[in-house]
Amino acid sequence: MTTSVSNTFEVTQVKPLIGAVIETDKETLLSGRHSAEIRGMLEDRGVMVFPQVHFTDEEQVEFTRTLGKFVPEMHGDIFKISMDKAINPQADYVKGAFYWHIDGTMQQVPLFASMLTCKKVAPVGGNTEFCNTYAAWDALPEEERAAIENLRVVHSLVAAQLFVEPEPDLALLDQWSRLGTNELPLVWTHTSGRKSLVLGSTCDYVVGMDPIESRRLLVKLRDWATQEQFSLSHEWSVGDAVIWDNTGTMHRAMAYPLDCDRQMHRTKLEGEEAFS
Ligand SMILES: [Fe+2]
């Protein structure tokens with residue numbers, strides 16, 4: 001397939017508070033000419049969509065490297081997201097992505113950004129949804145901000161996996177528990193001075209709060225952060241690339257038939273600041 005080099009780079013906002021679509025071609029992206037602009041837009045827009053750029057794996061890695069420090073996956077540079085265990089032995093683990101989350105809440109320094117490219121679409125469903133957790137914080141009423149600003153939340157893999165498998169046997173529970181817990185601020189003050197909410201399926205409980213109240217607050221804030229004005233849903237076409245600022249967004253995959261051959265390839269950028 002030949003690709004014409006047009007050097008276009010047209011940015012359109014998806015919604016006032018989230019998302020940008022960049023009409024361009026892969027040669028322009030790989031040149032690195034717009035890297036600084038893309039980095040800036042990532043924090044500002046949360047999610048950037050590059051329709052139909054058709055990166056190969058090597059090009060996806062190369063483009064990711066233009067934006068920060070590339071982090072390889074456990075088994076190579078690319079992680080193949082698929083429910084087919086022949087393609088992705090970690091298929092069961094991927095089911096956790098059906099619930100709102102931030103990548104890396106079990107670490108002190110989460111990934112800065114992740115990129116997905118679409119190789120095969122699901123016949124039905126399979127959108128990826130994002131919400132802007134900076135914008136969600138910014139829009140909270142002042143008294144609610146004051147009430148939650150200093151709260152801390154315990155995160156665990158157990159909390160996240162219970163969404164996927166609500167009735168594990170003891171052996172499975174013990175397996176999840178081995179990763180332990182990670183206490184993080186509910187409100188992250190970034191080095192830029194901006195603040196974002198740290199939520200998602202790994203949230204277990206708010207430190208020092210009654211369990212029912214804790215659950216209620218976490219669900220209330222998730223409902224708040226994922227409202228229409230803070231979120232977008234990307235309907236994939238083969239060849240699309242999407243990158244998001246993992247430190248200022250949450251994301252999830254929408255349900256799709258588990259026996260279909262939907263396939264995404266992921267690359268990652270190393271985190272640059274700790275939750276604080
Ligand atoms: Fe994820």
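Just so you know, ligand 1 is whichever comes first in the structure, and atom 1 is the first atom listed for that ligand. Since this is a predicted model, take the numbers as computed values, not measurements.
Within 6.0 Å of CD in E235 there are 12 or fewer heavy atoms belonging to other residues, nucleotides or ligands. Residue R33 qualifies as enclosed at atom CZ: its count of foreign heavy atoms under 6.0 Å is above 12.
Ring geometry, F130 versus H251: the interplanar angle falls from 30° to 60°, so the pair is classed tilted.
With H190 as reference, Y134 is the one residue of W137, F275, Y134 to meet the ring-ring contact (aromatic ring centres under 6.0 Å, His included) rule.
Residue pairs that meet the side chain to side chain donor-acceptor pair (under 3.5 Å) test with at least one member in residues 198-212, sequence neighbours left out, are T105-T202, H155-T202, S156-D204.
Not one N or O on the side chain of K69 forms a donor-acceptor pair closer than 3.5 Å with the backbone of L269.
Within the protein, the number of N, O or S atoms lying under 2.8 Å from the Fe ion (ligand 1) is 3.
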